[in-house]
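Computed from a predicted model, the values in this text were never measured in an experiment. All chains are named by letter (A, B, ...) in the order of the sequence lines, taking the proteins before the strands, and each is independently numbered beginning at 1.
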Amino acid sequence: MKIATWNVNSLRVRLPHVLQWLAAAQPDVLAIQETKTVDEQFPVAELEVAGYSAVFAGQKTYNGVAVLSKSPATEVVTDIPGLDDPQRRILAATLDGVRVVNLYVVNGAEVGSDKYAYKLDWLAKVTAWLQQQAAAYPKLVVLGDFNIAPQDRDVHDPVAWGEGILCSPPERAALQAIQALGLQDTFRLFEQAEKSFSWWDYRAGGFRRNHGLRIDLILASQALVAVCQSCVIEREPRTWEKPSDHTPVVAVFAE
DNA sequence: ATGGTAGCGACGCTA
């Protein structure tokens, strides 16, 4: 089972890229963040032609998550207990016996800001719910745009980024709390090139200079870690004309 | 000191 995550930064703008990538990569599941598309405008028909069904939770202008899959999704959840949030950032679904939780984690803007407080509160509530998901579903994948670089090696310039947003100790502790539920960062199960990133700022030639961060993650429960065969960052879509600022991350699990 | 670009929807907000 091939499972991928990709923050597309507007599905309406990026649909040609998504279709091109699906045709070539043929993942079983693609979790998408930042669709920026209301449900009424979700491109169901185009994706169906490509061989994918979709579940989605969209809103106007911002956020929005979706899960595309070759097999139909069941047990779809978009809202969790204790988090009364109009922002569409969560989509859980079951696919061929695997529980997939797609997260578009709050960015947080700046350490100490209101948005930062919202990020940490959001993460705490999501983590409490993930604990229940982990208990209910031994085969669990939690993936998406985490807006947290797990370690300094996931940051192109750890000195410059310091303890700022996406790198601050409270954010990293929040990610650790999720991993403490028994979820491992599948990318680090394997040997990887140094300076492997999944997001590069559009500004200041970020991609050209490989000034990026690894903030798009695929976490897996022990039952899936045991059968995880690979986790790779696919850089190519970031080289295409008018790309998303993120590129796909793909994990393969046996069976 | 706080740039640079992209997307959305009306010149600012978010990332």
Contacts table for residues 46-53 of chain A: side-chain donor-acceptor under 3.5 angstrom, sequence neighbours left out:
unit_1	atom_1	unit_2	atom_2	d
A/Tyr52	OH	A/Pro27	O	2.6
A/Ser53	OG	A/Ser69	O	3.2

Identify, residue by residue, the members of residues 151-161 of chain A with a heavy atom below 4.0 Å from DNA chain B, and return them in order of residue number, or none. none
Residues pairing under ring pair (Phe, Tyr, Trp, His ring centres under 6.0 Å) where one sits in residues 56-115 of chain A, two or more places apart or in two chains, turn out to be A/Phe42-A/Phe56
Got a sec, which pairs hit ring pair (Phe, Tyr, Trp, His ring centres under 6.0 Å) with one end in residues 210-229 of chain A, sequence neighbours left out? A/His156-A/His211
Roughly how far apart, to the nearest Å, are [N] and [M] at atom [atom1]?
N: B/dC11; M: B/dA6; atom1: C1'; answer: 15 Å
N: B/dA10; M: B/dT14; atom1: C1'; answer: 15 Å
N: B/dG9; M: B/dG4; atom1: C1'; answer: 22 Å
N: B/dA15; M: B/dG3; atom1: C1'; answer: 15 Å

Any side-chain N or O of A/Arg14 below 4.0 angstrom from OP1/OP2 of B/dG7? yes
Carboxylate-amine/guanidinium proximity below 4.0 Å for A/Glu171 and A/Lys119: yes
Carboxylate-amine/guanidinium proximity below 4.0 Å for A/Arg214 and A/Asp185: yes
Is A/Val225 isolated, or which residues cluster with it under the ILVMFWY side-chain rule of less than 4.5 Å, directly or via members? A/Leu189, A/Phe190
Atom pairs, N/O to N/O, protein against nucleotides 11-15 of chain B, distance under 3.5 Å?
unit_1	atom_1	unit_2	atom_2	d
B/dC13	O2	A/Tyr62	OH	3.4
B/dT14	OP2	A/Lys115	NZ	3.1

Could you tell me the separation between the CD atom of A/Gln41 and the P atom of B/dC8, rounded to a whole number of Å? 10 Å
Roughly how many Å is it from NZ in A/Lys242 to P in B/dA6, rounded to a whole number? 7 Å
Under a 3.5 Å threshold, yes or no: a donor from one side chain and an acceptor from the other, between A/Tyr116 and A/Ser168? yes
Please name the pair of heavy atoms, one in A/Met1 and one in A/Val98, separated by the smallest distance, quoted to 0.1 Å. SD-CG2, 3.7 Å
